[in-house]
2 protein chains.
Amino acid sequence: MDDTAASTVATLRRFNRSFTQRIGVLDESFLGAGRPLGQARLLYEIGLGHTSVLELRQRLGLDSGYLSRMLREFEREGLVAVTADPDDGRRRVAELTAAGRRAWDDLDRRSDELAARIVAPLTERQRTELASALATADLLLRAATVSFDVVDPAGPEAIAAMTAYFDELDGRFVDGFDPGDTLTVDAPSMREPTGTFVVAHADDEVVACGGVVRHDATTGEIKRMWVHPDWRGAGVGRRTLTALESHVARLGYDRIVLDTNAVLTEAIAMYERAGYTPTARYNDNPYAQRWFTKPVA
Amino acid sequence: MDDTAASTVATLRRFNRSFTQRIGVLDESFLGAGRPLGQARLLYEIGLGHTSVLELRQRLGLDSGYLSRMLREFEREGLVAVTADPDDGRRRVAELTAAGRRAWDDLDRRSDELAARIVAPLTERQRTELASALATADLLLRAATVSFDVVDPAGPEAIAAMTAYFDELDGRFVDGFDPGDTLTVDAPSMREPTGTFVVAHADDEVVACGGVVRHDATTGEIKRMWVHPDWRGAGVGRRTLTALESHVARLGYDRIVLDTNAVLTEAIAMYERAGYTPTARYNDNPYAQRWFTKPVA
DNA sequence: CCATGTCTCTGACTGTAGTCAGAGAATCTC
DNA sequence: GAGATTCTCTGACTACAGTCAGAGACATGG
């Protein structure tokens, strides 16, 4: 552990101690609503719109029996209605009733009040400073815990990520961007064993993606690399690229190529910083204006 | 609630959610040591040197029965030795045995490793940025939760705070500062009903102090105002002054006076910002070079 | 339509956290 | 030195959190 890391660790631990002590109350204030913490957390998640029992279980990391019991309790109190998912009869969907919505609003209001009481003694300048420090810390901590997972390029997460990517290209390219049917056509090429597709998860949300396809026997091509706008500047793009590069190596290629459009200046800068060098046009992609290559490490 | 406050509250709540989810593990990793969280916290506090049972109870906010039971458990495991306090036979003192120290080191090491794993994916620059954001947020949150309490001016907290104050004056005044026996002589004047003494607590530590004494029938004097060096620039001084001013009003005075030395430029600036105006020398304090006054609001 | 798998639910548990009343020993106050 | 107070301890509780095994309803792929 080098010095920066050691001192960051010390700061993080110190902060954790003082924060949990002070703001733990913020969670326990849920208890102030006469509701145990577990129930309050569950009710809160349901109110946020995460309604399928499966999703709730994954988000909160709860045992299915435990969760089921809490839902029965909510039903008994008339706060939640649980019905079968019309798409899949095994699945069940929980939704707040009117009374449940009121209970949720109450929780939300209490949390707001408590948080407001905590920051109340600060001056306006200090509050602004606090908000910006917390936002920075939040982004970095969230970025630090992003995970990179291989998914099916035709699966819902991949589709959603690439759609966001195409929409962004359409907005930024001078003459717009028409993906045509690439979304479905290209999927097979981004599957093992000659390709792959990776999404970056932060709290089960997809915040970045990228694919690898075969270019020729010894060359892999990186495509569809995209980072969610909220997540730029936190190193997620760089780490996505690193993840993809290691997949290229794993798939047995010894050279990487990629293309991009001239307006994507941040991407170009990142490729250059990552050791990519310009190379000749290697495809007839009408949207490509820059071509790069890099040997596999 | 104005706009700054509302957005700070939203940021704080958002941060709280993502932080506890992510770093909650940091505490639960204590559990990784095969020890329940409550026990781990207690063992950790004992290891930090907070050894009297009373102090542990106050710091951790535990029921005395609950704490007692945990200490018995630690004794049974040979981690802690509990003995009577030689100064007061009612009080008991807990100390780590050699085995307890090893268990503590183990907890500490695990926490370090976990925190290190969390920040590991960040670049050095990002780690520095994270550490500084957390340190800022920590100071502000700690400052926001400071409480101002009336204490006896001859009590241990008041003595400690004023001693630190005098030591600082001695270091900063050109010809040093000799408190003489003011510490004991002045105490009665800083007691109700004509005076008072206030200390600012953050986590049971004294971070600022100040006293009010009778100047004449309608005038209260603010004295011994001091802020711990680590806590300057976070608004604690300003809030100590405000607290003292409200005590002056409560005690029935309608004017405030105070004096200070020319080298205490931050203090002078603060008094001016707070609406104090220069006035004529009103005492023969050999260390005073500036005199201020302000009407009670 | 059968085997296999997925999702949810119930019942029977365990461990942890925390509360409350009251007893006993030491100390403080007058 | 008597009475009040402080501090710790024990015993008897309660509520909350979480685990595990297994049953039942539904879905899916051959």
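The chains referred to below are lettered A, B, ... by the order of the sequence lines, with proteins before strands, and numbering in each begins at 1. The structure displayed is predicted, hence computed values, not measured ones.
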Given atom [atom1] of [X] and atom [atom2] of [N], what is their separation to the nearest angstrom?
X	N	atom1	atom2	result
B:Leu42	C:dA17	CG	P	11 Å
B:Leu37	D:dG18	CG	P	11 Å
A:Leu71	C:dT10	CG	P	10 Å
B:Asp63	D:dA12	CG	C1'	13 Å
B:Asp85	C:dA26	CG	C1'	12 Å
A:Leu67	D:dC20	CG	P	17 Å
A:Asp87	D:dT28	CG	P	10 Å
A:Gln58	C:dC7	CD	C1'	11 Å

Considering only side-chain heavy atoms of [X], which listed nucleotide, [options], is closest?
X	options	value
B:Tyr66	D:dC9, C:dG18, D:dT19	C:dG18
B:Arg91	D:dC16, D:dC7, C:dC7	D:dC7
A:Val53	C:dT8, D:dA27, D:dT19	C:dT8
A:Arg90	D:dC9, C:dG5, D:dC7	C:dG5
B:Leu54	D:dA17, D:dT8, C:dG5	D:dT8
A:Arg92	D:dC9, C:dC9, C:dA17	C:dC9
A:Pro36	D:dA17, C:dT27, C:dC9	D:dA17

With the threshold set at 4.0 Å, does a side-chain nitrogen-carboxylate oxygen contact exist between [X] and [Y]?
X	Y	answer
A:Arg35	A:Glu73	no
B:Arg72	B:Glu75	yes
B:Asp106	B:Arg102	no
A:Arg109	A:Glu113	yes
A:Arg250	A:Glu192	yes
B:Arg13	A:Asp108	yes

Between A:Met70 and A:Gly89, just flag the one whose closest nucleotide in DNA chain D comes earlier from the 5' side.
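Taking each residue's closest nucleotide, the earlier one in sequence belongs to A:Met70.
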Can a side-chain donor-acceptor contact be found between A:His228 and A:Glu205 if the only test is distance below 3.5 angstrom?
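No - no donor-acceptor pair under 3.5 Å links their side chains.
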To the nearest 10 degrees, what angle separates the axes at the start and end of the helix from C:dC1-D:dG30 to C:dC30-D:dG1, five pairs each?
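Between the first-five-pair axis and the last-five-pair axis there is 30°.
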Using a cut-off of 4.0 Å on non-hydrogen atoms, how would the nucleic acid contact of B:Gly65 be classed: base, sugar-phosphate, or nothing?
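Counting heavy atoms under 4.0 Å across all strands, the contact made by B:Gly65 includes a base.
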I'd like to know if A:Arg69 reaches the base of D:dT19 with its side chain such that a donor and an acceptor end up less than 3.5 angstrom apart.
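In this structure, the two groups form a donor-acceptor pair.
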If you take atom types as modelled and just measure distance, does the side chain of A:Ser64 reach the base of C:dC9 with a donor-acceptor pair under 3.5 Å?
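Checked by distance alone, the answer is yes.
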ring-ring contact (aromatic ring centres under 6.0 Å, His included) contacts touching residues 73-119 of chain B (sequence neighbours left out):
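Checked against ring-ring contact (aromatic ring centres under 6.0 Å, His included) - neighbours excluded - the pairs reaching residues 73-119 of chain B are B:Tyr44-B:Trp104.
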With respect to the phosphate group of C:dC7, does any side-chain polar atom (N or O) of A:Arg57 fall under 4.0 Å of OP1 or OP2?
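Result: no.
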